[in-house]
Amino acid sequence: MRRTTARRCTRCDWQAQRRTPEIAGAARRSTHRQAAAAVTRNRVMKSLLLALLMCLPLSAGAQDTTPEALRPSAHFSVYGHGAAATPPMGFNPWNAFRTEVDQARILAVAEFIEQHGLQQAGYRYINIDDGWWLKRGADGRIQIRTSMFPIATVDGGAASFRAWTDKLHAMGFKAGLYTDVGRNACSQAFDRHSPNLPIGTAAEREIGLQGFEAGDLRTMFQDWGFDYLKVDACGLADFGQGSEPVLQSGHQAVRPLIVRRDPVATDRTGVETQYARVGRLLAALNPDEDYVLAICPWGEAGVRDWGGRHGHLWRTSPDIEPTWDSMLVNLDSTVGRELYAGPGRWNDPDMLAVGLGEFDDRHLVNARSHFSLWAVLGAPLLMGFDLTQAPASLIELLSNPEVIAINQDPAGNQASVVVNQGDLQVLVKPLAASGERAVVLFNRGDTATSAQVTPAQLKLADGAPYQARDVWKHQALATQRGALQVRLAPHEAAMFKVAGAPVIGDAKLLTEMTGRIHVAVDGAPDEVSRQSTPGLVPRADLSPSGVPLRIAGQSIPYGLGALANSRFEVRLGKDFRQFSTRVGLQDGARRDAGVVFRVYGDGRLLQEVTAGAGDAQAVPVTVPVDGIDVLELVAIASPQAKAALPPAIVWGDAQLR
Ligand code: GLA
């Protein structure tokens, strides 16, 4: 069975050595005797300790060596614009029609969606994918292939999609379009024999955004009225010197910024910079915020780390194929990335393959599992087959209101994996209502098996009764106590919504609200070390290597596991009074030097403790957070630490009340 390995990528800027406001303040005070006298004993002790840990000379001119990236931002630094508060739902024609993407076919599907209850179930975006272009005109404007979209013909003027988007809007839909962040599109590399590729000279066939970003985006959003844009990346990857499209189709050669499956050769920053520009332009062009940006570099260039800073969804994997193995590969590219998703930013393991190949109506168990998994992960739900041919069984499956409600839950928490044993996986998604969770118990393999999930894994009080409802059978089970047990057929996923007493009565665990967390800095070192050290992703309730959290021999059931030299931003939105946690080094981490843990509220240092070397116990931290919008959790390894990799740390029992 194929499984992908998570690749890590955020780069810490260890060169930057600017002072934090509080350190700069301390230095200023120490140059003035009178002011220094006013510094409290606590403050002096804290400065001494900090200086010791950061190996600073205790002089007026002491420099804080905290890297810039680990200083508080006082912001929730995600994209924060647009209309993807919940995962986008709709239809994308690529896997159904590829470049034969004509107006009549898409419209027939849209009408079907409207007439068969799917629009009402939540499917709103009707997208056009690759294949709609004719060419780029001499005036630099992009032209539409009107033979496929006659609706775009304008008597005596340039073709326009305005009538198309008007039509979809009148039907109650939103309209989506496709482009590429480079100069050329994927079809020009991989569908080179299609009759519907752009025509003309090499320059006229450069229909991608690069060099034309502002004009193209204005045309698409202001003139044509689109609401959603998928921005692919083949133009940055597949048109290098000596490539087939260059040699055989005469495209201009460009140095690839993306070298597929080679993060070292890939220019991650170059790719991110281009998408960031698109994100900024779209925000400026859409003051009503009614738009969605789908970033599509197929998990390359570290997009899984930065996608949420520039857009609403980002592909975590290669294109889905309608096979069980392909679905699992794409699933694995998103599982474990629960700290990266939340309202307005979604991991995208690609479109639904339901209705195709091994997920068609003869494979309903597979199709239900695929749909359950995408739903619980908070993945976008984009149908991708010719729905006009859809049997009732698939329409019913895709419009299951209970499953869709779990996907669209407003808290936007992505399920995290609580059991990962061979072919068995259990995924739990905390829902917005207190004590409510969705759980999927999933058999990846070809033999039947038994599965269970405990109240502790559901973050419910042990021994207390809880309710469970089978959202596929639409049936409530008898009141449960103890583990919820099921028997799973090959490839089967059982899916339940459960409701009970939360494990900590009066507080909410941070890992019950991962949708409020942004991994600002993940602590992983540069690209080269990431290669040889898989599994560095910060996790909910697990260490970055995927083992349970433990400090000084004591198991810590809940908390954030990360590498030191990391910074989390948590969007409190002034909803809480107090934050508490107990911090320490994960058992097994190298303990040759201490780690400083800092908690900030809206950029102000609230508390700082150190978890020392040796067998130090967990250190408790409790701070008031009344009126605080953004909490930041920073862990900083001593520069004396000898290992190449920062030690694994734990924000144990992190909770808000
Ligand atoms: C890439 C994308 C697909 C689709 C095609 C179109 O492969 O990942 O989703 O858009 O391009 O050519």
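Read the numbers this way: they start at 1 and go in the same order the structure lists the ligands and their atoms. Keep in mind the model is a prediction, meaning the values are calculated, not measured.
F359 has its ring centre less than 6.0 Å from the ring centre of H370. Ring centers of F161 and W132: under 6.0 Å apart, within the cut-off. In this structure, Y291 has its ring center closer than 6.0 angstrom to the ring center of H312. A centroid separation of 6.0 Å or more is found between the aromatic rings of F226 and F221.
Less than 4.0 angstrom separates some heavy atom of K230 from each of these atoms of ligand 1: 3 (C), 4 (C), 9 (O), 10 (O). Annotation for ligand 1: atoms under 4.0 Å from non-hydrogen atoms of D130 are 6 (C), 12 (O). Against a heavy-atom cut-off of under 4.0 Å, M351 is close to the following atoms of ligand 1: 9 (O). Applying the 4.0 Å criterion to heavy atoms of W298 picks out, from ligand 1, the atoms 8 (O). Residue contact check: S187 has heavy atoms under 4.0 Å from atoms 12 (O) of ligand 1.
Looking only at heavy atoms of the protein, atom 2 (C) of ligand 1 is closest to D232 OD2, 3.1 Å. In terms of protein heavy-atom proximity, atom 10 (O) of ligand 1 is closest to D129 OD1, 2.7 Å.
The closest approach between any non-hydrogen atom of R315 and ligand 1 is below 4.0 Å. F190 does not count as a contact of ligand 1, since none of its heavy atoms falls under 4.0 Å from the ligand.
Of the options L229, L177, L382, a side-chain contact (heavy atoms from CB on, under 4.5 Å) to N127 is made by L382 and by none of the others.
A donor-acceptor pair under 3.5 Å is absent between the side-chain atoms of E492 and the main chain of N443, judged by distance alone.
With a 4.0 Å heavy-atom cut-off, ligand 1 is reached by no atom of A185.
Considering backbone and side-chain N/O atoms, W94 never comes within less than 3.5 Å of an N/O atom of ligand 1.
Ring-plane geometry between H81 and Y79 is classed as perpendicular, the angle between the planes exceeding 60 degrees on a 0 to 90 degree scale with a lower cut at 30.
Here atom 7 (O) of ligand 1 lies nearest to D319 when heavy atoms of D180, D191, N92, D319 are compared.
In this structure, R136 satisfies the cation-pi test against F212, with its NZ or CZ atom closer than 6.0 Å to the six-membered ring centre and inside 45 degrees of the ring normal.
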